[in-house]
2 protein chains.
Amino acid sequence: MNSTVQFRCGTRLLIMGTNAREHGHPAEHVGDAGDAAGATARRGPAGARAERKREAIITAARALFLRDGFDVSVDQIAAEAGVSKVTVYNHFGSKQALFVEVVKDAMDAPLGDTLVGAVDGLAEGDDLRTAITDAARAWVRRIRSDPDVLALRNLVAREAHRVPELHAVWRESGPQLHHPAASGALAELAATGRLTIPDPEVAVLQLYALLVFPHLVFSAYGTELDDALAERLTTTGVDMFLAYYAPEPP
Amino acid sequence: MNSTVQFRCGTRLLIMGTNAREHGHPAEHVGDAGDAAGATARRGPAGARAERKREAIITAARALFLRDGFDVSVDQIAAEAGVSKVTVYNHFGSKQALFVEVVKDAMDAPLGDTLVGAVDGLAEGDDLRTAITDAARAWVRRIRSDPDVLALRNLVAREAHRVPELHAVWRESGPQLHHPAASGALAELAATGRLTIPDPEVAVLQLYALLVFPHLVFSAYGTELDDALAERLTTTGVDMFLAYYAPEPP
DNA sequence: ACGCACATGAACTCAACAGTTCAGTTCAGG
DNA sequence: CCTGAACTGAACTGTTGAGTTCATGTGCGT
């Protein structure tokens, strides 16, 4: 919508598996007016031990939720976390709240930044096709190689109807975060005259559509595109995009 | 993969809502060797009354499953169908089996045929862009206007992990059915020289990606693209596709 | 009009699971 | 080392929902 907003909000890479995550303050998102005031509203136990427990719970819950969906029992999560069920409830209040917390925590935008990086570091004379293809390749690889990224998206998609709050979380951390990034990158290319983009909103969608949506869609139904096809899809996709939006062929 | 297979397999339009469906033989799919032999394997009650009941159950179950997912209780379904719960079990054996049956029944390929139709009725001199755009528009409209089409896809995506048999059903009735259709249409256009398609597999995916995947993806997360955007997406998508695959601009 | 397969409904079993209670234990911080 | 907040384990409540049983109708086919 509006231009010149801050991109590059969350470059926190979402490594997962190894729990080497700094974990700042979990609920320190951007907007959310009405949260800065109370501050003590419904925060769980405090202290060093509590922090450890909390993290253990989130880690275990993330793993189990990603694997089995919302249907895992709280007992399982507690067991996996090496923690009493009561502790889970002391910390999060309800299963839903825990779920939302897990998704919030895991949902940092790993997409789109790649493109921004590629475009930012693009000198005047560099080959646009190569740059974008590389970025796209990295982007797709990230999606495909880290099963958790797709698993998380599918999880949110699957359970959104059961946990309505997910909608909000998703909108805030998903599209709203990296959509402006990619959008801004395209705008930058348009501004410097390397692309001609009459309808930026459509162009961004098409970029997604050509490069990542196939993976999202197929993974949603449990199948997976093989490496060779993914590669052809990426290069041809960028080709097609540039053929349409670049003023003249290089 | 192989060319010159039969397209136009299932042109049974999936109207829904009005239950004016002829309902032939529900399990009369194409391949499925090992089904023609036994024939009496696990078929439920027979007779006129039974058939009525069975249909009522499927209709009710479809409505409820599409609305609320797999979580509706069998009692609800029975009530909605005006039928005893025992009858449901007499007919289908288990909730899962009923679910699979419902999906099988509802899953006819409404996609792709449009394209085939447009291409088939294309005279030598006709404008390709207009024809494909019209087909695409109809296609997208069908997806967007009939909530059940998307609901069904989302349902399958959501519950596939709980009902593994869905994978098979999906593969048989989904991609495997209309993918060849669209694929064949493209092949036909390539054969008559109106398009130049080096990598047909990729081209089909790109056609899907540009035209329908955005709708699938966004609907999976509960949002919806507005009409104007959908229209721009369609026309620009076809444009882009043709710009890349048509030998020379008309 | 007769009989039997099919349908009913109401009560029942069984299991799982969210969330709670509580008496007792652990650990971090002062 | 002492105190209290935080944790534990285990038992408990309450609900929900799948699938079953059975005694009693009801309608289709002949």
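By convention in this document, chain letters (A, B, ...) are assigned in the order of the sequence lines, proteins followed by strands, and residues within each chain are numbered from 1.
Comparing D:dG25, C:dT8, D:dA5 against the side chain of B:Arg49 picks out D:dG25 as the nearest. For A:Val74, the listed nucleotide lying nearest its side chain is C:dA18; candidates were C:dT8, D:dT8, C:dA18. Ranking D:dC28, D:dC22, D:dT8 by closeness to the B:Val86 side chain, first place goes to D:dC22. Side chain of A:Ala48, nearest nucleotide from C:dA7, C:dG29, C:dC17: C:dG29. Closest approach to the A:Ser73 side chain among D:dT8, C:dT8, C:dC17 is made by C:dC17 (side chain taken as heavy atoms from C-beta onward). Listed candidates were D:dC28, D:dC7, C:dT8. Nearest to the side chain of A:Ala50 is D:dC7.
An OP1 or OP2 oxygen of D:dG17 is reached within less than 4.0 angstrom by no side-chain nitrogen or oxygen of B:Lys85. The phosphate of D:dT8 has OP1 or OP2 within less than 4.0 Å of a side-chain N or O from A:Thr87.
Among the heavy atoms of the strands lying under 4.0 Å from A:Val72 are primed sugar atoms or P, OP1, OP2 only; no base atom is included. Heavy atoms of B:Gly93 sit nowhere under 4.0 angstrom from any nucleic acid atom.
Geometrically, B:Lys95 engages B:Phe70 in a cation-pi contact, judged by NZ or CZ lying under 6.0 Å from the ring centre and within 45° of the ring axis.
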List the steps, then state whether side chain to side chain contact (heavy atoms under 4.5 Å, CB included) holds for A:His215 with A:Arg144.
CA-CA 8 Å; A:His215 302 283; A:Arg144 285 167 46 80; 3.5 Å; yes
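Note on ring orientation: taking the six-membered ring where Trp is involved, the planes of A:Phe65 and A:Phe99 are perpendicular (angle over 60°, cut-offs 30° and 60°). The aromatic rings of B:Trp139 and B:Tyr208 sit perpendicular, their planes meeting at an angle over 60°, well past the 30° parallel limit.
Rounded to whole Å, the distance from CD1 on A:Ile77 to P on C:dA16 is 17 Å. Following rounding to the nearest Å, A:Leu64 (CG) and C:dC17 (C1') show an atom-to-atom distance of 15 Å. What separates OH of A:Tyr89 from C1' of D:dT8 is a distance of 16 Å, to the nearest Å.
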